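Beneath this line is the structure, given in structure tokens, with notes to follow.
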Amino acid sequence: MKINSPVSFRPDLNNWTPYSSARSLAKNNKNYIFLDANESPFGIWNRYPDPYQSELKKEISKIKKISPKNILLGNGSDEVLDLCMRLFAEPKKDKILICPPTYGMYEVLARLNMLRVLKVPLRTPDFQLDVDNIIRSIEKQRPKMMIFCSPNNPTGNTLTDIKKVLDQYDGVVLVDEAYIDFCKEKSLLSYIVRHPNLIVIQTLSKAWGLAGARIGMAFANERIISMLTAIKPPYNIGSPSIKAATKALRTSRKNFYQYVNTIIKEKNRLEEFLTGFPPVKKIYPSEANFILVESAVASEWQNHLKKHRVIVRDRSSQIPDAFRVSIGTVKENNLFIKYSKEFYKILQKKNFYEKSALY
Ligand SMILES: *Cc1c(COP(=O)(O)O)cnc(C)c1O
């Protein structure tokens, strides 16, 4: 038994006429003389990009084994998330459910879209979904959509019970899989066939090493994808980005696996170091390319690292005494380890003097 109304678009979008861009009518074909889009006839990036990013989608389609008709590309997944909110949720009316601690952009985008944010915190200490509370919240509050992040940022674990929610809820479920390429768990991509309310979001920013290109992906059924395409800004990804990403996906797949393997190996090494390191109160098992560290001296530790130009991410606003460290190169990780050890030495000395001052 499902407990919500089926997926519906924002009512005012039902008769939506998308902007018809000059370049969607005739592709950037060299045989045409383009006098239609007020571009400059000079330069190398002078033409507007393909609004549908067909070349890039073809490559993604091969890698993900899914039809280009089930793919929407955005200027980073942040744009994809924003488009999804705009497509389904009515400002000042609809609610969106998230499970903190999680990626901060969900709430920021929801507020920007004037949506009410329902929070059902992840359970502690394992940071898994509190399914009972989510179901209760669905029944009572009727959120229009919910966003899960798996593996979750900043905790690093995969969420094992998303399917349980999908079985009981037919409102929109967004699953953000930004870190899926680092983890053993399978993507929910294949579920979009069975669940017309599911949107899986991925990115080229993390494992693919293309954060600067700003390319996010949404995978869903054709009805949702064609409507997302209809409401997106026509030229939402620039041609240099499209070109770089197409080339990377076409030619660097071997590098990709190598990089991912190196990052996972390095993560295991950092985990080992942190496990025996006295200032650490707790580290969380991570399926992503970062580790969440809890320490009673978290802020002093971060300050010491910063003095040596090593920057980690303070997460104490979400999880007390916690920071998140991304996995870098071997050399970078060695510096993190080196300055952390140095910090501990200083701490020991200070503690010694503080203690002896008591006598
Ligand atoms: C890094 C990250 C993204 C990626 O965002 P882009 O806009 O594609 O760079 C998305 N979701 C989560 C949870 C992230 O941590």
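For ligands, and for the atoms within them, numbers begin at 1 and follow the listed sequence. Just so you know, these numbers use all the heavy atoms, side chains as well, and skip hydrogens, waters and symmetry mates. Predicted model only: the values in this text are computed from it and were never measured.
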Are Arg269 and Asn334 linked by a side-chain donor-acceptor pair shorter than 3.5 Å? yes

So if I only count non-hydrogen atoms and take anything under 4.0 Å from ligand 1, which residues does that give, chain by chain? Gly76, Ser77, Asp78, Tyr103, Tyr106, Cys149, Asn153, Asp176, Ala178, Tyr179, Thr203, Ser205, Lys206, Arg214

Using a distance-only test with no angle check, is there a side-chain donor-acceptor pair under 3.5 angstrom linking Glu177 and Ser187? yes

Any side-chain donor near an acceptor of the partner, Asn133 and Arg123, under 3.5 Å: no

Hydrogens and angles aside, do Ser286 and Glu271 bring a side-chain donor and acceptor to less than 3.5 Å of each other? no

Check whether Tyr191 forms a cation-pi arrangement with Arg194 (NZ or CZ under 6.0 Å from the six-membered ring centre, at most 45° off the ring normal). yes

For the residue pair Lys65 and Ser190, confirm or rule out a side-chain donor-acceptor distance under 3.5 Å. no

